[in-house]
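The block underneath contains the structure these notes are about, expressed in structure tokens.
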Amino acid sequence: MRMSDAIAAYILHMMDTKAEDTVEICRNELAGEIGCVPSQINYVLSSRFTPENGFVVESRRGGGGYIRVKRIAFRSEISMLTHIINSIGNSLVESAAMTIVQNLAERRLIEPQTARAMSMALSDRAYRAVPVEARDTLRANVMKHMLTGIALAE
């Protein structure tokens, strides 16, 4: 298991054992417990615990500093899709688009064949004819329209 996988699993395990959707951690203490450097904790928090993945991360610096990781609780599939649409903004890079599609598939909000089609439609290869500076804007619009279509089908 890669270190980033171990850190993410540890944080998720903390949430599951507390039966809460929020955990507070001290980066240095967590790094010591897991046996990694604190910057690896930062990397995992910024790459895996994102709004697209259904998390909010807050931090407070200083002597009593902490990092609070909160799992966003969705009341329905529609509210989850709405949250994702609103978190996309005006630009969406390919890796973030693929993360969203993967999460939708893992939560069984879309079928595997739909996930494959979405991934292909959102990939950089699909936008070769589009100027580089416009690709992420186009990808964001396409993703929002796909998610809106899924939400309307619910």
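Worth knowing before you read on, the calculation uses all heavy atoms, side chains too, and leaves out hydrogens, waters and symmetry mates. Since the structure is predicted, the reported quantities are computational estimates derived from the model, not experimental observations.
- With sequence neighbours left out, the side-chain contact (heavy atoms from CB on, under 4.5 Å) criterion links T114 to I110, E111, M118.
- In this view, S91 and D136 satisfy the side-chain contact (heavy atoms from CB on, under 4.5 Å) rule, not counting sequence neighbours.
- Judged purely by atom type and a 3.5 angstrom limit, K144 uses its side chain to pair as donor or acceptor with the backbone of G89.
- For N90, the CG atom sits in a loose shell: 12 or fewer heavy atoms of surrounding residues, nucleotides or ligands are nearer than 6.0 Å.
- By the ring-ring contact (aromatic ring centres under 6.0 Å, His included) test, Y127 pairs with no residue at all, sequence neighbours left out.
- Two residues are said to be in side-chain contact when any heavy atoms from C-beta on lie closer than 4.5 Å; M14 and I25 meet this criterion.
- Take T148 and apply the side-chain contact (heavy atoms from CB on, under 4.5 Å) test, not counting sequence neighbours, and it matches I85, L152.
- Applying the side-chain contact (heavy atoms from CB on, under 4.5 Å) rule to R128 yields the partners R125; only residues at least two apart in sequence or on another chain are considered.
- At most 12 heavy atoms of other shown residues, nucleotides or ligands fall within 6.0 angstrom of atom NZ in K70.
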Scan the side chains in residues 31-47 for donor-acceptor partners under 3.5 Å anywhere in the protein, sequence neighbours excluded, and list what turns up.
{"residue": "E33", "atom": "OE1", "partner": "Y10", "partner atom": "OH", "Å": "2.2"}
{"residue": "Q40", "atom": "OE1", "partner": "V37", "partner atom": "N", "Å": "3.1"}
{"residue": "S46", "atom": "OG", "partner": "N42", "partner atom": "O", "Å": "3.1"}
{"residue": "S46", "atom": "OG", "partner": "Y43", "partner atom": "O", "Å": "3.1"}
{"residue": "S47", "atom": "OG", "partner": "Y43", "partner atom": "O", "Å": "2.8"}

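- The side-chain heavy atoms of R68 and T22, taken from C-beta on, include a pair separated by under 4.5 Å.
- Listed by chain and residue number, nothing satisfies the salt bridge (charged side-chain N to carboxylate O under 4.0 Å, His left out) test with R116 (two or more places apart in sequence, or in another chain).
- Residues passing the side-chain hydrogen bond (donor to acceptor under 3.5 Å, both in side chains) test with D16 are R71, sequence neighbours excluded.
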What donor-acceptor contacts under 3.5 angstrom involve side-chain atoms of residues 94-105, with partners at least two apart or in another chain?
{"residue": "E94", "atom": "OE2", "partner": "D124", "partner atom": "N", "Å": "3.1"}
{"residue": "T99", "atom": "OG1", "partner": "S95", "partner atom": "O", "Å": "3.0"}
{"residue": "Q102", "atom": "NE2", "partner": "E106", "partner atom": "OE2", "Å": "3.0"}
{"residue": "N103", "atom": "ND2", "partner": "E52", "partner atom": "O", "Å": "3.3"}
{"residue": "N103", "atom": "ND2", "partner": "N53", "partner atom": "OD1", "Å": "2.3"}
{"residue": "N103", "atom": "ND2", "partner": "T99", "partner atom": "O", "Å": "3.3"}

